[in-house]
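To start, I am sharing the structure in question, which I have written as structure tokens.
Atoms within each ligand, like the ligands themselves, are counted from 1 in listed order. Computed from a predicted model, the values in this text were never measured in an experiment. Residue numbers count from 1 along this sequence. The figures here come from the full heavy-atom set of this structure, side chains too, leaving out hydrogens, waters and symmetry mates.
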Amino acid sequence: MRLLSVASEVFPLVKTGGLADVAGALPRALSEYGVETRTLLPGYPAVLAALSDAEPALRIGDLFGGSATVLTAAVDGLQTLVIDAPHLYSRPGGIYGWPDDAIRFAALARVAADIGMGALPGFLPDIVHSHDWQTGLTPAYLRYDGRRAPGTVMTVHNLAFQGQFPPNLLGVLGLPASAYTMEGVEYYGEISFLKAGLQLADRITTVSPTYAAEIQSPALGMGMDGLLRHRAAVFSGILNGIDTEVWNPQTDTAIVETFSVDELGGRPANKAGLQEHFDLPVEPSLPLFGIITRLSWQKGVDLITAAVPDLIALGAQLVVLGAGDFDQEVAVGGLRDRYSETVAVRIGYDEALAHLIQAGADAIVVPSRFEPCGLTQLCALRYGAIPVVARTGGLVDTVIDASPVALAAGVATGVQFAAGSVEMVAAALRRTVGLHADRTAWRQMQANAMHTDVSWRDPARRYATLYRGLLR
Ligand code: ADP
Ligand code: GLC
């Protein structure tokens with residue numbers, strides 16, 4: 001089976017969030033199930049610079065106002081197709097937030113649809129799988145063109161980003177007037193790329209079963225719940241995995257000492273290394289919490305900052321690695337000066353430091369207000385850092401709360417708390433510190449966590465089954 005996967009970011013070439021991790025890791029896992037994947041993405045400067053053996057595979061005379069070349073290149077075992085279109089992607093700075101984003105990402109979808117219809121010599125996909133709003137027009141172009149119809153799958157990684165644009169762009173985007181209806185790309189008087197994908201793809205998925213249920217209700221549906229309920233028969237939630245080679249405490253070169261579930265002896269050295277790195281008192285016995293996150297309202301880091309006095313009362317430490325919204329960076333950064341004995345902060349994006357935090361922290365806190373899947377808690381499980389997570393979305397599906405019953409049955413892997421309030425975060429920190437003091441219970445939880453299968457094996461099998469159901 002041949003699959004064209006389409007995404008606006010793909011690890012290790014370009015990443016702003018978990019979408020890139022998924023787009024980068026899923027194809028490798030799919031190959032185990034007989035799915036041959038090519039991954040289409042925009043040729044931002046960093047992407048083009050990272051390609052070593054790129055070959056031109058397709059020339060496009062006019063792609064929304066300029067010529068383009070689709071390059072093919074292998075990157076870390078990933079077969080990529082990169083759109084080299086300088087008028088769209090050759091810009092310094094961020095990959096999102098340009099005034100012409102509608103055109104930049106419509107171009108990505110347009111090329112995907114053309115490849116879906118056979119434009120690329122030697123690669124005729126059976127299935128085209130698009131991720132998030134940036135690629136949402138792919139099923140629309142395929143539907144309204146109608147020359148050839150590969151199966152289409154649309155995955156929503158975060159319903160908060162929908163790609164809404166003014167209706168007068170319809171013609172510019174190359175969509176027919178007939179597309180501008182409730183059954184097409186129209187959404188409350190605008191064009192919505194995500195809605196187009198959710199409406200027109202053969203199958204839709206999101207990244208956890210709980211989030212799939214949550215977004216069919218008005219509370220978390222962000223205006224799309226009606227449509228999702230309407231399409232419930234073709235809508236499902238498939239959990240993400242993580243790349244267990246990139247995230248492997250037995251071989252990790254970014255940490256102080258490697259370790260495994262049977263040989264946890266390396267963990268204390270990582271804890272000390274982490275405390276040292278952050279200039280915190282090097283105290284082996286103090287519970288050390290870690291946070292690795294984008295700083296945005298979704299992630300709820302403001303709830304933790306409000307709970308710092310509780311943390312101090314508990315005699316615990318906290319390290320935060322995060323980047324994102326300016327006001328949150330300022331607020332979180334300020335903690336460092338006020339509570340330098342307890343809280344350490346690094347504002348920025350740092351892949352290696354994320355590994356050290358996973359290896360050295362006793363627990364990883366994920367206080368999200370909503371969370372489609374979440375990857376940091378999966379990395380935490382793999383590294384024996386106990387995940388302390390808000391009870392929402394994929395966090396529910398991946399962490400087993402240390403309830404009395406779960407503890408007695410010996411199956412707990414973490415701590416869950418009701419999402420969205422400072423009091424609940426504080427209570428969860430207290431409960432975690434209590435558990436940490438019970439060395440036997442804690443060891444058992446670490447072992448359970450590290451034995452959890454967080455790999456792509458099961459999710460990839462589910463995607464492969466989904467694709468197979470669409471073969472014509
Ligand atoms: P989201 O995609 O919503 O940001 P996920 O949990 O799905 O959340 O994925 C985030 C990914 O990015 C994880 O792999 C996490 O480790 C990583 N990450 C987030 N913030 C940082 C940071 N400041 N430095 C390094 N890695 C980060
Ligand atoms: C989004 C979500 C996150 C999910 C990631 C990958 O960024 O916020 O929960 O893990 O996509 O699917």
N158 neighbourhood, listing ligand 2 atoms whose heavy-atom distance to it stays under 4.0 Å: 8 (O)
Test item: side-chain donor near acceptor, D132 and H157, under 3.5 Å: no
Distance from atom 6 (O) of ligand 1 to nearest protein heavy atom, with residue and atom: L375 N, 2.8 Å
W133 ring center within less than 6.0 Å of F165 ring center: yes
Residues S192 and Q164: side-chain donor-acceptor under 3.5 angstrom: yes
Part of N240 within contact of ligand 2 (heavy atoms, under 4.0 Å): side chain
Protein residue, atom and distance nearest to atom 27 (C) of ligand 1, heavy-atom basis: Y349 CE1, 3.3 Å
Which segment of I242 sits under 4.0 Å of ligand 1 when only heavy atoms are counted: neither
Donor-acceptor side-chain pairing of N448 and T413 below 3.5 angstrom: no
Shortest protein heavy-atom distance from atom 24 (N) of ligand 1, along with the residue and atom involved: D350 N, 3.1 Å
Nitrogen or oxygen of N158 less than 3.5 angstrom from that of ligand 1: no
Q317 side chain to Y339 side chain, donor-acceptor N/O pair below 3.5 angstrom: no
For atom 10 (C) of ligand 1, the protein heavy atom that lies nearest, with its residue and separation: G18 N, 3.8 Å
Numbered atoms and elements of ligand 2 in range of V22, under 4.0 angstrom, heavy atoms: 6 (C), 12 (O)
Polar contact flag for G374 and ligand 2 (N/O pairs, less than 3.5 Å): yes
Interfacing atoms of ligand 2 (cut-off 4.0 Å, heavy-atom, V207): 12 (O)
Test item: side-chain donor near acceptor, S455 and D453, under 3.5 Å: yes
Heavy-atom nearest option to atom 8 (O) of ligand 1, drawn from E371, R294, K299: K299
Which residue and heavy atom of the protein sit nearest atom 12 (O) of ligand 2, plus the separation: H157 ND1, 2.6 Å
Verdict with reasoning, S8 to Y96, per side chain to side chain donor-acceptor pair (under 3.5 Å): CA-CA 9 Å; S8 56; Y96 305 127; 2.8 Å; yes
Shortest protein contact, atom 17 (C) of ligand 1 (heavy atom only): K15 NZ, 3.7 Å
Under 3.5 Å side-chain donor-acceptor pair for E371 and Q298: yes
Close approach of G17 to ligand 2, heavy atoms, under 4.0 angstrom: no
C373 to ligand 1, any heavy atom closer than 4.0 Å: no
L19 and ligand 2 - part of the residue with a heavy-atom distance under 4.0 Å: backbone
Any donor-acceptor N/O pair, Q377 side chain to V366 backbone, under 3.5 Å: no
Short side-chain to backbone donor-acceptor contact, R336 and A344, under 3.5 Å: no
Side-chain donor-acceptor pair present, Y33, T465, cut-off under 3.5 Å: no
For G17, the ligand 1 atoms whose distance to one of its heavy atoms is below 4.0 Å: 2 (O)
Donor-acceptor pair between D252 and Y383 side chains, under 3.5 angstrom: yes
Proximal atoms of ligand 1 relative to G348 (non-hydrogen, under 4.0 Å): 22 (C), 23 (N)
K299 N/O to ligand 2 N/O under 3.5 Å: no
For T376, atoms of ligand 1 separated by under 4.0 Å from a heavy atom: 6 (O), 15 (C), 16 (O)
Short N or O distance, G18 and ligand 2, threshold 3.5 Å exclusive: no
Flag for H129-T155: side-chain donor and acceptor within less than 3.5 Å: yes
